[in-house]
Each structure stands twice: as structure tokens, then as C-alpha cells.
Amino acid sequence: MSKRKPYEFSKPAQSGKVFWTSLEAKADPEAHQQRAAAEFPHGADGSDKDSVQVGRRTFMGVAGAAGALLGLEGCVRRPEEKILPFTKQPEYVLPGIALHYATSVRSAGEPVGLLVTTYEGRPTKVEGNPQHPASLGGTDGYVQASILDLYDPDRSAGPAQKSGEGLKDTTLADFDKAFDALAKQADANKGAKLRVLAAPSQSPTTLRAQQALLARFPQAKIYNYEPVGPANAKAGAKLAFGVAADAFYSYRRARTILALDSDFAGNEAGSTRAAREFADGRRLSSARDGMSRLYVVEPGFTSTGGSADHRLRLPASQIGAYLKALAAELVARGAIKEPADKAPADPNAQPETSAAKANLEPLRAAVSGAKAPAGVPEKWIKAVAAELSGPQSEGRSIIVVGSRQPPAVHALAFALNQALGNIGRTVLLHPPLEAEPTAALDGISALAKEIAGGAVDTLLILGGNPVLDAPADLKFGELLGKVATTIHASEYRDETSLLTTWHVPRAHAFESWGDLRGSDGTYSIQQPLIAPLRGGRSDAELLALLGGVQQWRGHPQVRATARELFKGKGESFEQLWRSTLHLGMARELPPTPITEVAVGGDALAAALAALPAGETPSAQNLEVNFAADPALFDGRHANNPWMLELPDPVSCISWDNAAYVSAATAKELGIANYDVIRIKGAGGESVEIVTWVLPGQADNTITLHLGWGRKAVGRYGKGAGFDVYPLRTTKAFGFGTGFSVEKTGARYSIAQSQETHSMEGRPIAIDTTLEEYRAKPDFAQFRSPSLSTLPLWTEVKYEGHRWSMVIDLNACSGCNACLVACQAENNVSSVGKEQVARGRDMFWLRLDRYFVGDDEADPQIAFQPVACQHCEEAPCENVCPVNATAHSPEGLNDMAYNRCIGTRYCMNNCPYKVRRFNFLDFTGQVPETRRMQYNPNVSVRMRGVMEKCSYCVQRIQEAKIAARRDNRRLRDGDIKVACQQACPSAGIFFGDLNDPNSRVSKLTKMDRQYKLLPEIGTQPRTSYLAKIRNPNPEMQG
Amino acid sequence: MSDAPIKAIGETLLLPETTTLKSITNSVSRVTETKAPRGWWILFLLAASFTGVLGLAIAYLAWTGIGTWGNNSPVAWAWDITNFVWWIGIGHAGTLISAVLFLFRQKWRTSINRFAEAMTIFAVICALIFPGIHVGRIWHAYYMLPIPNQMGIWPNFKSPLIWDVFAVNTYFLVSLLFWYTGLIPDFASLRDRTTSKVRQFVYGFFAFGWRGSNRHWRNYERAYLILAAISTPLVLSVHSVVSFDFATSVMPGWHTTIFPPYFVAGAVFSGFAMVMTLLLIARSVFGLQDLVTMKHLELMNKIMLVTGTLVGYAYAMEFFIAWYSGNEYERYVFINRATGPYWWAYWSMVTCNVISPQLFWSKKLRTSIPLMFVISIFINIGMWFERFVIIVTSLHRDFLPSSWGNFSPTIVDICIYSGSLGLFFTLFLLFIRWIPMIAMAEVKGVLPGSQPHHHHDEDEEHAAHGAPVAAPAE
């Protein structure tokens, strides 16, 4: 290799061009040449013997040394990052600056309005839309987790056609061709053999598309089915009043609430709003305030049951009988009477009269003489009836029935609500979208019958997973084989897709246009946040395509629907459309409540007469009841690691479901925790599942959570839990009796996020009764020993902000939404069952659950969300040897991840045990698609680093920057931390203690405010407001 | 004339009458000069293979993460810190024997001090592994050292872990210097005895040109005395500082003022037990009964009896204070220790540490070699359990019952612990093989007729007795 020489200037040839670098060079090239040589003293020609020459050997030597240093450098892990500029800047998109879009999704059977945060066109976080009445700013956990479903790496990536035993990938073009051919073929007989199976739709656009389909194929039929949903309640309303009506309950206005097998604040339809209203009805600013009283009758503990003032363990099969007996008592008390001339004035002033022209005689006759099921204490009839019929409850009570109860029980509850004057006041009715409500099983049973009869040759299944979740005795999987062409539109290639002839990817709610109408009539638009990642289509699009609609795409369809709805609303459509998109709901379409209903006579009486008496289950004749899982719902989140890991709020079991039984029943059956049992139904169906003894479970009942143990599921859900759908038949859909249990002899390990269930008599999640609160308003302080430790260091004066959080335990319903929200906001890892069992879960915010009460079989529950308390005298900070956790000038206990070496000393010394350590590499294996969900403003932590709640410091900074930009002071409420934002019951508050008018300043001055473990002297910034229960004195003893 | 003081206080001679200067040099040096016995090779290969296991386990740990251990939340420290404290504690006997007993003119220490000091060094080496590897990001462990950096971030001097870093490093350096200083005359003896060029060079190098001159002895004695004086407070301070890791925290079961003296007593206790275990083996394998007599062993047993009883008192006092404080968390922790899921660890600890040394009240039992061997092993086990009990039972059930959990070790935990034992024994076997395991020069000083320290005119004595000691001619 020749040695390089510096460029030499030489005098140009006479005729040549003069090349010059500067005027000097031009003027005197020779002098310049000398200067240039001096500039490169190690003249490369080798003549200068003293100079360092970079020869081969020197080079190898230096390179070797540098390489060795590089090797050392290699010990320090640095992420490899590539950045690319936008060559053309899209409008509004600024890296690191979030945009929020209003949209809505249907969660647990009810639309919820949302604001979705996107960064650079990438949705990352779901929040409730405060303007939307079904959200009021909060969400449930399902909605929070839905963002991760969007990025699920195991979502179906494209259409597929059946080929032999499996599915063969095809293209969307192939599918469209086949779809078109099917439609042409069906034209011949007007769709006489074409059927559509879909979840009951609350989307006007989807219904329009259905109409279009039926217009093209008048003989076709559309059936509705969903495994968990409010269908029975709707059918019950029709049975009670003779008209179809959607009901929602205003728990805020209610004084007495009787929840029968209803987890209304947990995972029943509309729970987000219900939780908020229920919390509002119990919000106490001082001991003088009043609060509602909640009676819960249910077979297995739900989080709503945990909030109850009185809770009765009763098998689900006896709920109807109980309500009949209660109705009989109400009749005996004369409470079931035709309303007087004028119904009491409605506080909401919407409906004018509530009860009119009621014919209550058949109802009275049907219930009279009904006896309460064995084992129901008399006070649960007498005292409850007395309170419901008392003057103070007039029009201010609610009887709410869970969705798994049959329509007749719902109907009876509606009739009683009507008789008690609640309709139009606490129970609000609205006309539903579909005119003819059907009970939960009507659609799927009719379809099964048609298929068996050979009446179907083309079946389009929109969403859902009927092969998994249809009643087992219908054998839906086998039936599919009898249909020539089956098309399944689904986010996943699931159990149903594997048995259909065509699979087509279904767009996620965040990828498609749509609209929704809530049970209170709120119209909201679902706008896509991102183009379909996997090329999916929405239900409305598929229906319209099949129906031959020209403008089949979601956007024109929704606009067409909206144009119809907005007709005659004055302003221009574009203006209305834009404002609706912006707001997330249509203000211009006010709800139109049903004001005139009358309790129907004979149909109701007949249904009530047909209601089974409710024999008492026994160990040989067990009752099994099926509940939507608090995490997976009906199985739709079965591949969502957040939801798989989310602990059940009552049992604290993570990554599994279990057969919940009471201690007495377990003893009688000879089974114990970790035993795998076989539950057999009367029809020979059986499932194997692990036993879990749960306090508060009704004796001789087994509660099974749906959605686990999926076979055709992605990488995360594999092997998690037990599939209980095979036990769920048309006879035992919500619940059923006649089940028996045998031990298999096998054992199964369970991972729990919390293994101790008693507070050990310590003042931790403090609660008391309203009576005691009134007698001693500072009871929460009383039970906490006063601060006795002097601070170690000079106390810091916080001049600027002094952030603080207040958690009102009275509002907490244990719904887990805050946990998922925190996980989504802060890029918190899921760690898997094995690690949870080892106690290495990463939840920055955890929900502690304690059983309270003397009766081990029938305790109460105290929920307590616990995150970093941001102690002013933080014990974790003193002990960190490397200063990786330190106090900010605003009093935040900050983590410097880059500085942390992971001694875990802080974790040991944290009395609240809120610090989370990356014991293993929990983030390195996260697939690329899931990383798209990461919040770009929060570091992703590597293994060996400690992490914990930061009070959402990124949100604090964002709000401060916004305030600075607008040249104004930060206002109270500018900052909403993730858990606070998600909390459906508005039980978490965040703000500045240095602002005397802030919400938190006022709340921390409340009498029932207390700090956790104050005697250690940590001076936490997080306060709790003690829980108050409101028991009925007549129910005592 | 020189043994008069010993006789005067009614004690017997420390060494048999037959022991001579020459016999001491011969019997000690011989071990390093002859071919290693087959038994040594077997033990060495065994220990070295365990050291290999340690290396592999640490590599796996560094590659995969702390999650390969059983540590969790709430038990964020478990076997790692248990092992650390245990090893540090074991080291203490060495310093106590060599420094404190030296200052107190306990002549009997001379037969065992080299041994004990070597043990200190190796135990501290084993201990030092753990703070290094127990952190989550091993490659950043140097953040704990006060190295100036452009970020201007220093270690947190409020953190007891930083105190620990300084205390243990100081301890290691001082112990090493002290040990090495004592070795210089003996290295010279080995150098002078050998005919092998290699040995002459190596021992000559380490002997620093020692010629046994008056001036050498004078400097040597001064240096030794000063180092002993520096080491003495370390005996108390190092384990006190280690105990601050726990005592300054807020955890019930840790937050205790009794910890510093309790830890020091425990450290001396466990250290003596380990010296005893090793010494009994070496004594019988290498036939050193003349140098390490029953009298030495009995004296050590008495120290174990005292420190064991002190430790027992501390256990009882912890319970008393837990009750007396009225602090319900504190009470619960102690009730839980004795009756909770780790009751077996607690009662193993009490049996081994408190009950078993009580047998030494009987002269017959404390002079029985098999019994003292068994008890010394018991104490080693018991003291490991003590640290396990303090760390794990305090952490696993603290303030909020919602966060309670349990700990169970993994195979990596076991490999690293047994590997650290392997490393210790590897180093020890190498030490026995290549370095005089008994301080020849010092033992010679307690022979009848050579008591330099009991004369007022020290310099003169050194000239008279010191010089021949190192002379190889005998």
C-alpha cells in the first residue's frame, strides 16, 4: 500500500488552469506549499526519520490497544439507535409530543368514550373521555389493556383459507374475489341459506349495513350471540314492560341499592359509569354527609361484593327465589301498589312521570306466598324489604340483577323498581337500537337448529369465537362442518378460525371507523387511530361488502349514518361531524328516555311462575356459576400479557383461573387448594381445573371464570388457566345445578400476587362504620400511633410545588383499572407466572386486598391501592450507595435508572415494599410490535435496575412545560396521573400541597385522612381517606 | 529464666519440653519442601473444582441476572448477603488472634496466628465476591467507589453500604499487610533452607532481603506492633459497620441498637470455630501436635464458650426488647422467627450457637478432639443460619402483610455458596503447601528460654534471641 501524500501544489503549466485554494496560494504557490508541508509535519514520504510513522506495525499496535478499549466499552450496554428525519413533516406530528383523539369502544357490553394518546401516529395509551357520560373520564381495565391487543404480535396477519387440516395464507384480493362469488351465488335464492352470526351490535352503522345486507338477501338471517353480555337484562325489560328498553342505573341518586348477583361496579355492562356514580353516592366530605347503602346477594365474591355494607352468600340458582320472597314481603308490606295521582318529581327533570297505568295485580299474585330459600336469614327479607319500602327510599332505591340471571328475574326486578318508584329516577330507560331484544341464548340456539337442519350453506361469523364460547351442548364446532362455506372475521386465528373455510382479519377498534350508541342513547363515533396494522376489515365493512354497498368502507358508511342522524339539527353536517369527532360524542343528539312504562301483566306473571323454586345445592348436587373474568373477560384478552398477569381482585391469582369453593364445601368434598378436580355436569360434560378455597363463596357452589385455558391462542396465553366453556351448556349458561366433583389426584401450582390475606390487626386499610365515624371523626388518626421519630436530616422546605396524592378508599371498588393504566403509561413489564410466583411482579401500583371480619367463611374486603408513597424522609434514599434514588425539589422520590446498580438495599428498606427490581431481562424479548405501545416519555428499564412509581413525573413535566409555554401558572387539575385518570370511581387525586385551594390540600385536611405507617417517620406524600361502611342497624346480630 | 513468668502465674508451658528451635523449623518447613501427599492433591482438586463451579455460576449470574437466585420482593437480599456476612465474620478470628491477643501478650496465639490470619485473608476474599456480584448491574459495580467523574456524582456517603465498602476494603488491606509482615522472617528461613534455584528466588523475593539483623528485627517488631494496633480497632469496627447495614434500616428485626456488639461477638465466635475446624484437620494431617497442643485448643474452646454465650444473650435480648418496645411489628418479627415458616432455621441457629458450646463447661468435653471438631462444624453452620435468620426472616414478613412472601434458594444460590467454600479451601490448600503455616519465628519466641518480650531491654533481647531464630544453620 502506498503511503498517502498531501496534495502538492505545483506551478501550473503555462496554458493550464490555475487551481487555488486561497488568494495566498494563488499569489505564491511555493510558499503555500511550504506552509502546507509544515502543517503535515510527518511528511508521509518517510524522509523524516524522527517522526512517528503510522506503518503497518504501529497501526496494528494502536488498533489493538483501541480494540482492547473498545472491548471494555463493550461491557457497557448502550442501545443501538437509528434516527431518520421526516423529509416531509406531517401536520401536527411532533416527535415526543402527544396528540389525543376522541373515539369510543364497546367494553363489556357497553360503549365507552375514550381519548387515545398517540405519538407520531402511534397510539400508546387509552384514557376515558371526561365528556362522555359512559366514561366520565374513567375506564375499566379491559379498555386500558385493549391498546396492547392492538399491538399483539400474534394477531392474524392476513386472510387464510382452509386447506386440509390447517389454514393456508391467502391475500385480501383472493378473499374479496371469493366473497364476491359467494354473494353472487347467494343472490340466486335471495340468501335463503345465508346466515350471519355477530355480537349484538350497538353501532347504528353496523345495523345499517345489516339492513343493506338484508335488502339484498331478504331471506338471509342475522343472529346475535355473545358469551357474556346484557342480553338477558334487555329481554327482562321487554318482559316487564312489554316494550324494549335499555336500562341504566343512576347509583348516585340511590339511597338503597340491592345488587343481586350483579358485579355492577366490576365487569357488568356499563360498570365504568356505575362505579363512578356508586362512588359519588358514597362520597363523604365530612361526618355529617350521608351515603348510600349497598346490599349484595351473590354466590362468589366480586369486587362489588367487597364494597357491600351487607353481603349475603347465596347460590346463583336461588337468587330468583330470594327476589320473589322479597317481592312477597314487599307485597305484604303494601309497597307494591299502583302509584298515586302524581309520581314524585324527578330530580333530573327529564322524564315527567315514571309509573303510569301499571297493572300490578298479576305481579302480586305471582309472588305472593313465595318463601325465601333455605338458609336465607330472615333479616335479609324483612329488614331489606323494610328499607326498600321505607319512605326515605321512595324512588331512591335500585334493585339491580346480574346479567347471568334469566330474563324473568330481571323482569321481576324491573317490576319492583317500577313499583318502588325508581323508574325514571334511579333506573333510567331508553329505547334500544334493536327493536326486538332476545335473551342471551336465543340467537345461537336458533342458528344451531338451522345448521343441524341443513338450512345454512354460508355462514359469516363476525368477531366472537363461538367454537370456544358457544354452549357446549350445541357442539358448534361440529356444526360448522355441516356448513359449506364459513367465514370468520376475527382479530386472531382462534378456535373458530381453525374450523372455518375462510378466515379474514378483523380490524381492531382502534383501526377502523365505526360508531356506537350507548344504553343511555349517547351517540359517539369510533375513529381510527392508526391504519390497520394487519390489513383487517371491520364488521360494518364486511356486511356492506356482502350487501353490495358501493361505499362499503368504514368512513363513508359512518358519515352516511351520521348524516341521517344529524338531519334537521340545524348546523351544517360538516360542522356537526367535526365537532362530534372532536368531542367524541354528539351533543346535538340528546338522549330520549322512555318516560311511560307500565308493568306488563300476564307475560310477567307467567315468567315468574315458571321461575324454578331454587332448591338448595348440596355437595352431591353442586351449583356451578360462570362469570366473566376480571382480566380476560370472555377470553378476548387471552393473549394480553397485562391481563394474564393482572391479579384477580379477590383471589389475587395471576396467570390462572381456578374453581372457587368455600372452605366448608372444600372440606366436605375432601379437596384443598392446588388440587386439580374434575367437575362433571349432569349431561356428562366435564372440565378439570384447580381448586381454590375463597372466603365469601356460597357453600356448595363453584364459581368458574371464563376465557382461560384457550387452545388456539398466541404465545402469551398458552397454558394459562383452565378452559371451563365445555361445562357451560344451554341449561347451565349463567349457572346450573346438578354438578359433581371428583379429585384427579393431580396438583397444580398457582401464582398469587398477594399470599397473606389478613391485616394481622394492623392499621393499614382502615375502615369503620358511618356511625362510628360520626362518633369519632378522626378515628383513622387514632389508630395510627403519632409520629415519634425525629427526621435524620434537616428538613427541606419545598418552595415550589409539593406534589401529593390522595386515595379515597371509600371510592375504591377494586376494579384494577388503575393497575393496567399504570402499566400502560409507564412501560411496566409483565413477568410471567413463574416470576409472579417468586414474588417478582413489576406492578408499580398494586391493589392490596385484605379480608376483614371474624367469620372466615363470610368476611368483608378492604381494597387498598399502594404505590410509592413518595416519603419526605424516604428510607430508600439514605441507603442507596450510589445516589440513584434521590429527592426532587418538588418532593418526588426520583429514580435515576442510569445510575442504579441494583443493590436492592432500597427495596429492603422500603416499608411499603413498592420498589420493583428487574431481576431478569424482562424487556429485551418484547417483540417489536409490542414496543410500539411504549410511552416514549418513559425510559424502558433494563435488567438489574430498580424501578417504582414516579407519580407519573413525565405528566408533571408535560403540564409544567405547557403552563410555561402559555405563560400561566399551573392550575390544579392540569396534571392527571395515569391511575387517577383511569380510576372509574374518581377515587385518586393528585395535586400540589403548596396550593391551599387544590383538591389534595383540601382532602388532606379531612378528618378521615391518614398516612400509611406514619410511626416510622417516613412522612409519606400519599394519603389515604379511610373507608366508611354504612351498615343497617337492623341487620346486626 | 525466661519461662519464669509463665510458671509464676501457675501456667504450664505452651510447648513440650522436647521442642527445640530446630524441630520447629523442620516440622513447619518440611510441609512446603516435600512432595505434596496424595491427600492434599485429592482435596486440592476437589476444592479447585468447586472454585470452577463458582466461576461458572458467577458467569451465568452476570449473563442472566439476579433472577437466577431465589431473591425476590420482599426478600431482596438472601444468600448473597448471608454469605457475605458469614465470610466476613469468619475472618474476624484471624485478626483477633493475631492482633488483639498479640497486644495482650497472649503467647499461646503464636501456634495458631498464621493459620488464623491466612483464614482471615481468604475469608475476606470470599466475602468480597458477594458485594461485587450481588448487584443487578455487575458491570457498574464500580459506581460504589469514590471515583471522580465528569457527572460530579459521588457515592452516597449516608449509605451504610458505602461504609461497608470502605470498612471491608480497609480490613482486607490491613490484614494482608499484617499477615505479610509476619511472613517475612519465615520466608527468609525457607529461602535459606532450600537448594532449589527457583525456590531461592521466589522466597528470596518475598523475603525482601531479610537477613535477621538486629536492625531488621527492630524494624520488624515495630512494624508488627503498629499493624497490630491498627488491626485491633478493625476487629470491632468492621463487623460493627457490617451490622449497620441492618441496624440503620427501618426494618423490624434489623433496626436494633444491639447489633454492633452482637455482630462482633458472633464474628469472633464463628471465626474461632472455623480456625478450630481447619486447625484440627491440619494438625492431624501434618503431625503438628507438638506445636498446636491441647492447651491451645482448650483455650480456643473457652473463647467459643464465652462468645457463644454472648451471642445467646444477644438473641434473648432481641426478644426481650421486641416485647419491651411495644412495637407490634417488632414483636411479630420475633414471634415469626421462632414459630413462622423459618422456625427450623431459627432453632437450628439456637441449637448450634447457644446450646452446643455450653458443652465446653466440662473440661472433659472441651478437651475431646472429636467433640470439639463436631461442635466447631456446628457453630459454622449455626452462624450461617444466624445471618440467614436475620436477613430472610426479617424481610419476608415486614410491615404490610400484603407484601409478605417467602424465599427459597435456587441451584445457582447453592453453587455460589459451595463455590465460595471451594475457593476458600483452594486458597487454603495452596497456603498450606507453599507458605509456612505456623509462624516459626514467633513460636520460637515462646520456647522456654526465649521470651524477648518479657524483658525490659527489648533491643538487647532481640539481638540475643532474635537473630538465631532465623538462622537456618540449626
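Computation of the quantities below employed the complete heavy-atom set of this structure, encompassing side-chain atoms and omitting hydrogens, waters and symmetry-equivalent molecules. All chains are named by letter (A, B, ...) in the order of the sequence lines, taking the proteins before the strands, and each is independently numbered beginning at 1.
- Partner of Tyr329(B) under the side chain to side chain donor-acceptor pair (under 3.5 Å) criterion, out of Glu760(A), Glu1015(A), Arg762(A): Glu1015(A) alone.
- Rounded to the nearest 0.5 Å, atoms CZ (Phe399(B)) and NZ (Lys913(A)) are 8.0 Å apart.
- Between Ile901(A) and His140(B), the shortest heavy-atom contact is CG2-O, 3.2 Å.
- The shortest heavy-atom contact between Tyr912(A) and Ser403(B) is O-OG, 4.0 Å.
- For the pair Ser408(B) and Arg838(A), the minimum side-chain heavy-atom distance is below 4.5 Å.
- The minimum heavy-atom distance between Pro911(A) and Leu400(B), with the atom names listed, is O-CG, 4.0 Å.
- Looking at Cys652(A), neither its backbone nor its side chain comes within 4.5 Å of chain B, counting heavy atoms on both sides.
- Counting only distance, with no hydrogens or angles, the side chain of Trp77(B) and the backbone of Thr903(A) share a donor-acceptor pair below 3.5 Å.
- Between Arg916(A) and Ser73(B) the shortest heavy-atom distance is NH1-OG, 3.8 Å.
- Proximity to chain A (any heavy atom under 4.5 Å) is shown, for Asp164(B), by neither the backbone nor the side chain.
- Defined by atom type and a distance below 3.5 Å, a donor-acceptor pair is missing between the side-chain atoms of Arg397(B) and Thr756(A).
- A 4.5 Å side-chain heavy-atom check between Gln864(A) and Ser402(B) finds every atom pair outside the cut-off.
- For a residue to count as touching a neighbouring chain, one of its non-hydrogen atoms must lie under 4.5 Å from one of that chain's; by this rule Pro875(A) touches chain B with the side chain only.
- Nearest approach of Pro401(B) to Ile764(A), heavy atoms of both residues: CD-CD1, 3.3 Å.
- Heavy-atom minimum distance, Arg904(A) versus Trp69(B): NH2-CZ3, 4.2 Å.
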